[in-house]
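Just so you know, residue 1 is the first one in the sequence shown, and it goes up from there. For clarity, every value in this text was computed on a predicted model and none was experimentally measured.
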Amino acid sequence: MAKTSPAEFFNQVRAEARKVVWPSREETVRTAIFVAIMMVILSVFFLGIDTLFGAIMRWLLSLA
């Protein structure tokens, strides 16, 4: 594999950076809202699972 010079490397980096498509403000806000909603849903789900397992463990330990 041939080595590239630092100047050629930076030219390639700049060329690749020009190909990046940044999301619009609307897309960013929509994605952030979606992530926040999913975070709340999953938090409530795992809270329920944790509470259920905690209750089961307390019940099992009370039998001992």
What pairs of donor and acceptor atoms, side-chain ones from residues 52-63 against any protein atom, are under 3.5 angstrom apart with sequence neighbours left out?
from	atom 1	to	atom 2	distance (Å)
Ser62	OG	Trp59	O	2.6

Between side-chain atoms of residues 1-9 and protein atoms elsewhere (two or more places apart, or another chain), which donor-acceptor pairs fall under 3.5 Å?
from	atom 1	to	atom 2	distance (Å)
Ser5	OG	Glu8	N	3.2

Show me the side-chain donor-acceptor pairs of residues 28-38 shorter than 3.5 Å, one per line, residues at least two apart or across chains.
from	atom 1	to	atom 2	distance (Å)
Thr28	OG1	Ser24	O	2.9
Arg30	NH2	Glu26	OE2	2.6
Thr31	OG1	Glu27	O	2.8

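Within the structure, side chain to side chain donor-acceptor pair (under 3.5 Å) pairs that include any residue of residues 45-55 do not occur (at least two apart or interchain).
With sequence neighbours excluded, the residues satisfying salt bridge (Lys or Arg N to Asp or Glu O under 4.0 Å) with Glu16 are Lys19. By the side-chain hydrogen bond (donor to acceptor under 3.5 Å, both in side chains) test, Arg14 is found to be paired with Asn11, residues two or more places apart in sequence or in another chain being considered.
A continuous path of Ile, Leu, Val, Met, Phe, Trp and Tyr side chains, each step under 4.5 Å between heavy atoms, connects Leu42 with Ile49, placing both in one hydrophobic cluster.
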